[in-house]
Amino acid sequence: MIYADYNATAPIRPEAREALLAALDLGASNPSSVHRAGRAARAMVERARVQIGGAIGSRAEDIIFTSGGTESLLLAIHGAVLTLDGMATLIVSAIEHEAAAKAAAHAGVPVETAYVGADGRVDLEDLKARLAAWDRDEKGTPVLVLMLANNETGILQPVPEAAGLVRGAGGLVVCDAVQAFGKVAVNAAMLGVDYIALSAHKIGGPQGIGALWHRAGAPLKAVQHGGGQERGLRSGTENVAGIAGFGAAAIAAVRDLPKYAMLSAHRDAMEARLKAEGGVTVIGEGSPRVAGTSNFSRPGFRAETQVMALDLAGVCVSAGSACSSGKVKRSLVLMAMGADDALAESAIRASFGWDTKPEDFERVADAWLEAARRTVLKETA
Ligand code: PLP
C-alpha cells in the first residue's frame, strides 16, 4: 500500500510510539497527584511541554495541552472572544478548516470573511482596507483567524504580514498551524500572532492530542471548566501518554524539517508527469506550498472516482471535495480561489511525509495515469 494521505493523519513515528508506550507503562499515575506515581506523570507532561515549546521557539509555560487541533482552535477563538465581553468581530479567511470556521460561527459574535486571491493566499490589500475603515464602537476588536498552511492545497499564508496589520489595528490573531508544523519552521515570535493551534497526529504523533500556544499576556479565558488543570485554562486530567508521544514527535519533526523539504523535488516531478501525460491542473502551483502536498484536478474525472480507482490500486489519497450522504460537496477552498465547478469537482489531494519513499511519488503517478487511461483519457483520445 502507498499511503499518500499525510494531511489527513500521519503514521505514528517510532519515537512517538516509544514515548507513548513508556508513559502507559508508568501504570496508574495522575499528574495532579502529589505522590511519586503522580510526580512521574507530571514530569512526563512537563518534559513534553518543554519539547513542544522548544519546537516553536517558545517558553514551555505558554503551551496548553488540548485534545487536538479542533479544541485548540475552539479554545483560542472562544477564549479570546470571552475576554472581550462579546465586543469583537471575527475575520475568518475563506479557506480555513471547518474546525476554525465553525468555532468562529459559534462564538456568538459577527463573522466577516477575509478573501483569498486566485493564488490561494489571503488578500492583504483587502484586509488593510477593511481595518482602515474599522469602526471600533460598532464592531469591537478585530480578531483574525488565519491558517499558516492550507490542508487541501498546502499553500502557505502570509501570516506575519496579516498579523502585523491586525495587531497594528489593536486586534488579535489566531493562527491554525496544524498543517504547517513539522513541514515548515514555525516560530511563535516570528509569526507575530497571539494564539497558535497545533495537533500531534499530523506530525506523526498520536491522535487526540494537541496544543494551544498563547503569547505571554494574550487575553484568554477557559471554555472548559473543572479541576483547573493547565493553569485553569483547560480542565480535565491530562492525556499523559498522548502528551509524551506528542513531545517526542515534535522533536523528531523539527529534526526532520530539512528531509521534509526535500520532498518538493519529488512532488514537482510527479506533478510535471501528471500534467504532461494526464492533462491535470495543479492547484496553487505558483504559490509557496509545503513540500509534501499536491492538489490536482482533471476536469471530467470526478474526484470520488479517482479516489476509488487509486484505492483499488493500493494508493490512499483524499478527495479535494468531500462526499456526504451521496452528495458531492465541492471544495470550498478551491471555490474561494475562484475555481469553476468542473475543476473543483475533480480535485484530489495526495500528501506525503516522514515515512514517504521517493518511489511512492512515482507509484501514485503510475496508478493515477493508469486509472485515467481507462476512463477520462480514453474518452478524450
Ligand atoms: N486545522 C487544520 C488545518 C486541519 O487540517 C485539521 C485536521 O484535519 C484540524 C485543524 C483539526 O485538527 P484535529 O484533527 O487535531 O482536531
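All of these numbers come straight from a predicted model, not from anything done at the bench.
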Polar side chain donor-acceptor pair, [X] to [Y], under 3.5 angstrom:
| X | Y | answer |
| --- | --- | --- |
| Arg136 | Thr141 | yes |
| Ser235 | Glu230 | no |
| Ser318 | Asp5 | yes |

Under 3.5 Å, side chain of [X] to main-chain N/O of [Y], donor-acceptor pair present?
| X | Y | result |
| --- | --- | --- |
| Ser58 | Ala188 | no |
| Arg298 | Gly278 | yes |
| Thr293 | Gly154 | no |
| Ser264 | Ala291 | no |
| Trp368 | Ala309 | no |
| Glu71 | Ser67 | yes |

Taking the ring of Trp213 and the ring of Phe181, is the distance between their centroids below 6.0 Å?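 Centroid separation for Phe181 and Trp213: 6.0 Å or greater.
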
Atom pair [atom1]/[atom2] of [X] and [Y] - distance to nearest 0.5 Å:
| X | Y | atom1 | atom2 | value |
| --- | --- | --- | --- | --- |
| Arg267 | Ser351 | CZ | OG | 11.5 Å |
| Leu21 | Leu26 | CG | CG | 11.5 Å |
| Thr66 | Leu198 | OG1 | CG | 8.5 Å |

Do you know the tightest heavy-atom contact between Ile155 and Arg121?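 It is CG2-CG, 3.7 Å.
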
Are [X] and [Y] packed together at the side-chain level, in the sense that at least one heavy-atom pair is separated by less than 4.5 angstrom?
| X | Y | result |
| --- | --- | --- |
| Val282 | Lys275 | yes |
| Val143 | Val174 | yes |
| Leu369 | Arg273 | yes |
| Leu75 | Ile64 | yes |
| Asn151 | Val178 | no |
| Tyr3 | Thr9 | yes |
| Glu15 | Arg255 | yes |
| Ile283 | Met337 | yes |

Membership question, hydrophobic clusters at under 4.5 Å side-chain separation (ILVMFWY): are [Y] and [X] in the same one?
| X | Y | value |
| --- | --- | --- |
| Met270 | Tyr260 | yes |
| Val173 | Tyr195 | no |
| Val193 | Leu146 | yes |
| Val364 | Val280 | yes |

Relative to each other, are the rings of His266 and Phe361 parallel, tilted or perpendicular (30° and 60° limits)?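 Rings of His266 and Phe361: parallel, under 30°.
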
Tell me, yes or no, whether the heavy-atom count around Arg36 atom CZ, taken from other residues, nucleotides or ligands under 6.0 Å, exceeds 12.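 Incorrect, the count does not exceed 12.
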
How about CD on Glu370, more than 12 heavy atoms from neighbouring residues, nucleotides or ligands closer than 6.0 Å, or not?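 No.
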
Under 3.5 Å, side-chain donor or acceptor atoms of residues 78-89 against the rest of the protein: list the pairs with distances, not counting sequence neighbours.
| unit_1 | atom_1 | unit_2 | atom_2 | d |
| --- | --- | --- | --- | --- |
| His78 | NE2 | Ala103 | O | 2.7 |
| Thr83 | OG1 | Ala80 | O | 2.6 |
| Thr89 | OG1 | Lys139 | O | 2.8 |

